[in-house]
Trainee: 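Here you go, one structure.
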Protein chains: 2
Amino acid sequence: MIRTADKHAKIIEAAIRVFSRKGFFHARIADIAKEAQVADGTIYLYFNNKYDILISLFEEEIGKIILEVKLLLESEAGDDPRRMLRVFALHHLQLMDDRRELAEVLQMELRQSNKFMREYRLTKFSEYLDIISGIVKQGQGQGIFRPEVLPGVFKRAFFGALDETARLWVLSPDHPYSIEETANQITDVFIEGIIAADQT
Amino acid sequence: MIRTADKHAKIIEAAIRVFSRKGFFHARIADIAKEAQVADGTIYLYFNNKYDILISLFEEEIGKIILEVKLLLESEAGDDPRRMLRVFALHHLQLMDDRRELAEVLQMELRQSNKFMREYRLTKFSEYLDIISGIVKQGQGQGIFRPEVLPGVFKRAFFGALDETARLWVLSPDHPYSIEETANQITDVFIEGIIAADQT
DNA sequence: CAATAATGGGTGAGCCATCATTCACATTGT
DNA sequence: ACAATGTGAATGATGGCTCACCCATTATTG
């Protein structure tokens with residue numbers, strides 16, 4: 001066969017499209033198979049069951065995103081935690097806008113998943129959030145951010161703010177303000193909110 | 001008949017418990033019926049179908065919450081938009097903590113629902129978010145908040161921050177910091193972030 | 001004021017459509 | 001030839017929803 005187009009990847013990509021269109025529960029294995037141009041049975045050569053597709057999808061895609069952001073932070077933000085927050089926010093919103101289908105799946109299904117698969121920990125997702133708390137800790141170490149802000153609370157607040165905004169776009173794709181403008185608005189509020197008084 | 005305990009309410013309450021335990025898709029009508037101590041068929045005397053239970057649940061419960069907050073804002077926050085944000089945040093987090101089962105349903109199912117029932121608008125939910133943008137506009141009118149902050153962006157950011165924090169508690173109920181502490185942390189950041197420079 | 005009829009909320013067994021998963025078989029590459 | 005890989009029809013379980021049937025209450029009748 002000529003370079004057997006990686007079936008695993010093909011199935012994941014198909015699953016993103018189908019899950020985004022119909023949601024996990026309404027999506028049929030047959031739909032994914034059709035979209036990926038493979039037989040139903042083939043899917044079970046690469047995944048244990050329907051859930052396994054979803055989880056693999058999460059971990060692999062978030063894994064890629066983490067690599068992307070980390071690279072971007074190094075190349076774009078220098079050592080300034082304020083710029084790091086800005087870069088993170090812009091990247092997150094841009095990603096959600098560029099990859100609508102993936103965004104939709106993450107938005108809609110990621111939360112539920114912890115629920116039924118309690119045994120399964122979404123390790124990559126935690127890692128993604130920890131980038132934010134890492135930035136906060138660094139900023140506090142440099143005396144730029146107020147020390148009394150709890151990094152563990154801030155990371156959730158910041159991520160939640162971004163993600164709730166992104167959901168608006170997923171549901172009604174025509175946004176009134178540009179991505180850059182929105183990202184800056186949100187980051188402005190958070191930076192003003194966390195910055196030390198003597199650091200204007 | 002002896003005071004026919006309002007079946008509609010009984011079913012909604014049962015549904016909250018069952019949905020929170022198993023999630024909407026895994027919940028069986030039979031489960032809800034059993035929990036509500038009625039027959040399967042009885043549910044269809046009060047609701048059109050399974051989705052209808054979920055939607056009624058949303059609208060009714062969020063409706064109650066809106067009334068609660070509005071009352072609390074009037075009695076506790078005076079005219080100060082900073083206190084209003086604080087009261088809103090504390091109330092939201094306290095609610096999510098007090099009513100775990102409802103919180104779980106709102107957290108997990110509310111987002112999905114827009115998706116499949118695109119025709120259906122979650123009107124009450126929008127109304128809830130608009131309380132926040134109302135506070136922002138008022139604060140800007142009073143010159144206390146910076147005028148360049150977009151209320152429509154702020155409301156999502158603030159709500160998202162609160163809700164993402166609440167989700168942590170839903171998933172792992174033992175929170176490291178108290179509700180008050182967390183609510184204040186988040187509100188501090190947002191108030192510092194939105195307040196006008198001359199208003200310390 | 002019985003006796004009878006009408007009403008309508010409540011019931012739950014069973015129908016039937018829907019998929020996830022399997023597996024006997026086919027195809028491909030070495 | 002034979003692994004390895006891929007196929008898709010068949011299976012079996014599941015669970016939303018229906019509907020023929022109860023029965024308590026209220027209205028009507030003689």
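We name chains A, B, ... by the order of the sequence lines, and we start the count at 1 in each one. From a predicted model like this one, the values you see are computed outputs, not experimental measurements.
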Trainee: Round to the nearest Å and state the distance from Q37(A) atom CD to dG6(D) atom P.
Mentor: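 My rounded result for the distance is 14 Å.
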
Trainee: Is it the case that the ring center of F154(B) lies less than 6.0 angstrom away from the ring center of F145(B)?
Mentor: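 No, ring centres 6.0 Å or more apart.
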
Trainee: In this structure, how many angstroms lie between the C1' atom of dG6(D) and the CD1 atom of I11(A), rounded?
Mentor: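 Computing the I11(A):CD1 to dG6(D):C1' distance gives 11 Å.
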
Trainee: Please identify which of these residues, F88(A), F190(A), F125(A), meets the ring-ring contact (aromatic ring centres under 6.0 Å, His included) condition with F159(A).
Mentor: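 Of the listed residues F88(A), F190(A), F125(A), the ring-ring contact (aromatic ring centres under 6.0 Å, His included) partner of F159(A) is F125(A).
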
Trainee: Output yes when at least one side-chain N/O atom of K7(B) is less than 4.0 Å from OP1 or OP2 of dG10(C), else no.
Mentor: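 Answer is yes, contact under 4.0 Å.
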
Trainee: When the ring centroid of Y51(A) is compared with that of F24(A), is the distance short of 6.0 Å?
Mentor: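 Ring centres of F24(A) and Y51(A) closer than 6.0 Å.
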
Trainee: Dump the pairs, protein N or O against N or O of nucleotides 10-16 of chain D, anything under 3.5 Å, distances to one decimal.
Mentor:
unit_1  : atom_1 : unit_2 : atom_2 : d
dG16(D) : OP1    : A27(B) : O      : 3.1
dG16(D) : OP1    : K50(B) : NZ     : 3.3
dG16(D) : OP2    : I29(B) : N      : 2.7

Trainee: Would you mind reading off the distance between K34(A) atom NZ and dC19(C) atom P, rounded to a whole angstrom?
Mentor: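 In whole Å, dC19(C) P lies 14 Å from K34(A) NZ.
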
Trainee: Round to a whole Å and report the spacing from CZ of F47(B) to P of dT18(D).
Mentor: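 Taking atom P of dT18(D) as the reference, CZ of F47(B) is at 15 Å.
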
Trainee: For Y51(A) and dC19(C), what is the distance between atoms OH and C1' respectively, to the nearest whole Å?
Mentor: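 The distance from OH of Y51(A) to C1' of dC19(C) comes to 14 Å, rounded to the nearest Å.
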
Trainee: Between dG9(C), dG6(D), dG8(D), spot the one nearest the side chain of A39(A), thanks.
Mentor: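 It is dG8(D).
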
Trainee: In whole Å, I'd like the distance from the CG atom of D6(A) to the P atom of dT5(D).
Mentor: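 Those two atoms, CG and P, are 12 Å apart.
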
Trainee: Measure the distance from CG on L45(A) to P on dA3(D) and round it to the nearest whole Å.
Mentor: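 It is 18 Å, rounded to the nearest whole Å.
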
Trainee: Might you work through the side-chain contact (heavy atoms from CB on, under 4.5 Å) test for V69(B) and Y128(B), ending with a clear yes or no?
Mentor: CA-CA 9 Å; V69(B) 201; Y128(B) 186 60; 3.9 Å; yes

Trainee: Are a donor atom and an acceptor atom from the side chains of H8(A) and E60(A) found within less than 3.5 Å of each other?
Mentor: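 Their side chains do contain a donor-acceptor pair, which is all the 3.5 Å distance test asks for.
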
Trainee: Taking the six-membered ring of F58(A) as reference, does the cationic atom of K124(A) (NZ for Lys, CZ for Arg) lie under 6.0 Å from its centre and within 45° of its axis?
Mentor: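 Judged by the rule (NZ or CZ under 6.0 Å from the ring centre, within 45° of its axis), K124(A) is not positioned above F58(A).
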
Trainee: Could you give the OH-to-P distance, from Y46(B) to dG8(C), as a whole number of Å?
Mentor: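 Interatomic distance, OH of Y46(B) to P of dG8(C): 14 Å.
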
